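Only one structure is covered here, and it is reproduced in the block below.
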Amino acid sequence: MTVPQRLSAPEAGWTDTVHVVVIGSGVAGLTAALKLRELGSVLVVTKDVVASGSTQWAQGGIAAALHPEDSPEEHLHDTLVAGAGLSDPEAVRVLVTEGPDAVRDLIELGARFDTLADGDLSLGREGGHHRNRIAHAGGDATGAEIERALVAAVKRAENIRLIEHALALDLLTAEDGAVSGVTLHVMGEGQLDGVGAIRARAVVLASGGLGQLYAATTNPSVSTGDGMALALRAGAKVRDLEFVQFHPTVLWLGKGAKGQQPLVSEAVRGEGAFLVDHNGKRFMEGQHELADLAPRDIVAKAIMRQMLAAGKDHVYLDARHFGDEKWRVRFPTILASCRSHGIDPVRELIPVAPACHYSSGGVWTDLHGQTSVPGLYACGEVACTGVHGANRLASNSLLEGLVFARRIAAQLAEGLPELREPVVDAREPGLVDADVVPDLQRAMTVGAGVIRSARGLSEAAATIGKLIEQPAGEPGTPGWEATNLVTVASALIAAATAREESRGSHWREDHPDRDDLHWSGSLDLTLDLTPDPSQDPTQTAAGNQAVPTAVFVPHES
């Protein structure tokens with residue numbers, strides 16, 4: 001499957017220059033902007049309104065060793081176990097040791113976390129954690145509270161400019177390949193309208209994940225893999241993209257439900273809810289020492305096995321024993337969501353099934369957020385810092401965004417790169433028709449979803465390959481997003497096809513066992529930006545297509 005080397009778009013009609021561009025306005029992007037403002041002018045661009053990303057939907061909370069009886073070492077241990085042997089221990093140690101101070105900074109910034117009667121933080125527990133270490137806000141509205149506090153701080157800050165409704169198209173690069181800015185399409189921002197170019201000394205990707213690759217996801221509609229796609233087109237390395245986490249307990253809304261699905265947080269099981277089959281029998285006991293609080297990949301696989309064995313499309317979560325008051329106080333958001341769909345969890349079982357939730361892989365970075373392309377940094381879900389490995393530990397994502405955004409700012413404080421002159425991109429542009437997205441999502445769900453095989457992945461690739469042969473319409477946000485989805489899908493399929501084992505959130509029916517002898521390492525993905533058309537008859541003579549390739553990188557023992 002081939003994808004465009006750059007996007008078709010009108011010529012830039014305006015230019016601007018800043019010190020740093022931050023793409024994305026979730027916890028990672030806004031934290032980076034707040035820390036970077038002391039270095040000069042910062043421009044934050046976000047595709048929708050500032051609070052439209054995934055951060056606001058985070059229910060469970062943020063994990064950190066904040067209790068006197070807890071420790072960073074215990075948090076490290078739980079994270080490494082969840083990562084199924086592929087987490088980078090050094091990156092995890094950075095996360096767990098710097099995490100508590102990052103959370104305290106959030107509190108000083110104005111984030112209001114739930115507390116006990118004595119004023120101490122109220123700490124919950126989620127799957128894979130052996131301690132209560134999940135700080136939460138508003139019961140189950142942690143992400144919304146963190147986003148509120150960060151947005152307020154950004155709007156108060158000097159040196160930070162925010163542009164909403166701005167889609168990043170492609171990175172500008174200098175003659176040596178270093179990033180020198182980004183092209184944007186801004187919708188209705190006065191003089192900054194249409195396509196333009198922002199020159200910058202550094203660009204920080206914090207654009208979120210790829211959830212819209214799948215028919216059912218907990219991700220908002222803006223999660224179309226834009227940052228990963230434009231990084232690939234700029235020659236950046238993307239790592240571990242096959243490890244897509246499917247949250248085990250997403251509210252089942254019936255056959256044919258599409259788009260963003262309501263999450264039933266892991267914290268509900270942390271408070272004592274449990275999974276049952278259609279006969280009311282618990283099935284997680286005996287599957288793992290933590291039973292219903294096992295790591296997400298284990299729970300999701302157990303649910304899928306139950307569904308396949310029984311010929312059902314969901315199981316149930318039982319939290320009726322909570323009673324009305326606990327539901328209202330601890331989980332008001334989930335309670336309202338369930339009731340809005342005709343389910344009363346105080347008296348009824350909650351129908352749940354796995355849905356796409358989080359990308360553990362992304363644009364590769366070092367411990368300071370630097371990607372393989374000079375001047376390009378990444379943090380949050382778009383990045384692969386090495387923390388998550390094959391499966392993210394619950395509530396580590398907000399913490400990772402905080403910690404590594406701070407690290408990027410600290411790195412750039414040591415010296416911003418020089419402003420480089422962008423070179424003209426001579427590659428032929430390409431565009432995918434927006435109408436292919438529903439069929440792409442179906443193909444990914446069936447062939448590259450929870451359960452995978454060589455045959456299913458090949459069929460998904462073939463289907464998507466045919467879809468992108470359709471003539472594209474005029475350049476615009478739907479087509480640009482479709483092109484980004486196809487680019488990321490092609491890379492994900494390449495990685496999932498190459499990894500012939502089952503590990504963490506990557507489950508191959510035809511290779512059901514974990515294989516540490518051959519697969520204890522990562523798959524690095526790049527686009528071959530100078531392909532030989534003679535090697536692939538589907539490539540066009542114009543040479544505007546690129547092929548994703550996966551290279552295995554063994555981990556040090």
Side-chain angles (χ1 to χ4, degrees), residues 60 63 77-88 92 125-130 209-211 213-214 216-219 239-250 263-267 269-270 274-275 283-308 315 317 352-362 381 384 386-397 400 444-445 448-453 456-457 492 495-496 499-516 519-520 522-523:
H77 173 267
D78 289 346
T79 301
L80 291 178
V81 170
L86 293 191
S87 296
D88 177 353
V92 177
R125 188 175 168 201
E126 295 184 6
H129 292 273
H130 285 77
L210 47 68
L213 278 180
Y214 294 91
T217 178
T218 63
N219 288 199
R239 175 169 285 188
D240 291 341
L241 211 57
E242 68 271 33
F243 296 116
V244 177
Q245 187 177 78
F246 287 77
H247 198 289
T249 54
V250 175
L263 178 67
V264 181
S265 170
E266 206 151 355
R269 280 177 283 134
F274 49 85
L275 291 157
F283 57 84
M284 284 306 302
E285 293 177 331
Q287 301 264 1
H288 188 273
E289 62 169 349
L290 294 175
D292 293 87
L293 282 175
R296 288 177 177 175
D297 64 308
I298 293 171
V299 180
K301 290 173 185 176
I303 290 173
M304 289 300 301
R305 291 188 186 101
Q306 287 291 325
M307 289 163 51
L308 291 169
V315 295
L317 187 66
V352 294
C356 175
H357 184 55
Y358 190 86
S359 174
S360 293
E381 190 174 355
C384 181
V387 163
H388 304 309
N391 185 46
R392 175 176 68 91
L393 180 65
S395 288
N396 266 356
S397 55
E400 184 200 29
M444 290 296 292
T445 299
V450 178
I451 304 174
R452 301 166 177 175
S453 67
L457 290 163
L492 192 158
R499 184 173 290 277
E500 296 182 332
E501 66 160 353
S502 291
R503 182 193 297 266
S505 52
H506 173 66
W507 184 8
R508 285 281 297 262
E509 277 188 308
D510 48 350
H511 297 281
D513 300 319
R514 173 171 158 173
D515 184 356
D516 285 330
W519 289 106
S520 184
S522 292
L523 283 164

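Predicted model only: the values in this text are computed from it and were never measured.
- Contact detail for I451 and E509: the closest heavy-atom pair is CG2-CG, 3.1 Å.
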Hey, mind stepping through L86 and W519 against side chain to side chain contact (heavy atoms under 4.5 Å, CB included) and telling me if it holds?
-> CA-CA 10 Å; L86 293 191; W519 289 106; over 6 Å; no

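- Considering CD1 of I298 and CE of M284, their distance stands at 7.0 Å, rounded to 0.5 Å.
- Using a distance-only test at 3.5 Å, with no hydrogens or angles considered, no donor-acceptor pair links the side chain of E126 to the main chain of A394.
- Summarising the geometry, atom CG belonging to L492 is positioned 9.5 Å from atom NE2 belonging to H506; distances are rounded to the nearest 0.5 Å.
- Using a 4.5 Å heavy-atom threshold, the side chains of L241 and S359 count as touching.
- Side chain of S360 to main chain of V244: no donor-acceptor pair is present (N/O by atom type, distance under 3.5 Å, no hydrogens or angles).
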Let me see the working for R125 and L290 under side chain to side chain contact (heavy atoms under 4.5 Å, CB included), right down to the final yes or no.
-> CA-CA 12 Å; R125 188 175 168 201; L290 294 175; 3.6 Å; yes

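- S502 meets the side chain to side chain contact (heavy atoms under 4.5 Å, CB included) test with W507, R508; sequence neighbours excluded.
- The distance from atom CG of D510 to atom CG of L457, rounded to the nearest 0.5 Å, is 8.0 Å.
- Side-chain contact check for H130 versus V81: every heavy-atom pair is 4.5 Å or farther apart.
- Under the rule for a side-chain hydrogen bond (donor to acceptor under 3.5 Å, both in side chains), the partners of D292 that lie at least two apart in sequence or sit in another chain are R282.
- The distance from the NE2 atom of H129 to the CG atom of N396 is 5.5 Å, given to the nearest 0.5 Å.
- Defined by atom type and a distance below 3.5 Å, a donor-acceptor pair is present between the side-chain atoms of N391 and Q245.
- The shortest heavy-atom contact between V299 and A294 is CG2-O, 3.4 Å.
- Looking at every heavy atom in both residues, A355 comes nearest to V250 through CB-CG2, 3.8 Å.
- Applying the ring pair (Phe, Tyr, Trp, His ring centres under 6.0 Å) rule to F274 yields the partners H321; only residues at least two apart in sequence or on another chain are considered.
- Here the closest non-hydrogen pair linking D515 and E501 is N-OE1, 2.7 Å.
- Not a single donor-acceptor pair under 3.5 Å links the side chain of D88 to the backbone N or O of G386.
- Summarising the geometry of P354 relative to A300, their closest heavy-atom pair is CG-O, 4.1 Å, with the distance given to 0.1 Å.
- C384 is linked by a side chain to side chain contact (heavy atoms under 4.5 Å, CB included) to R239, D240, counting only residues two or more places apart in sequence or in another chain.
- Under the salt bridge (charged side-chain N to carboxylate O under 4.0 Å, His left out) criterion, D516 pairs with R503, R514, not counting sequence neighbours.
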Derivation of the side chain to side chain contact (heavy atoms under 4.5 Å, CB included) call for E266 and H247 | CA-CA 9 Å; E266 206 151 355; H247 198 289; 4.2 Å; yes

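- Contacts of H388 classified as ring pair (Phe, Tyr, Trp, His ring centres under 6.0 Å), with partners at least two apart in sequence or in another chain: Y358.
- Residues R392 and S505 fail the side-chain proximity criterion, which asks for heavy atoms closer than 4.5 Å.
- Nearest heavy-atom pair, L263 versus T249, reported as atom, atom and distance to 0.1 Å: CD1-O, 3.9 Å.
- Between the SG atom of C356 and the OH atom of Y214 there is a distance of 6.0 Å, given to the nearest 0.5 Å.
- Note that CD of E381 is 9.0 Å distant from CD of E400, once rounded to the nearest 0.5 Å.
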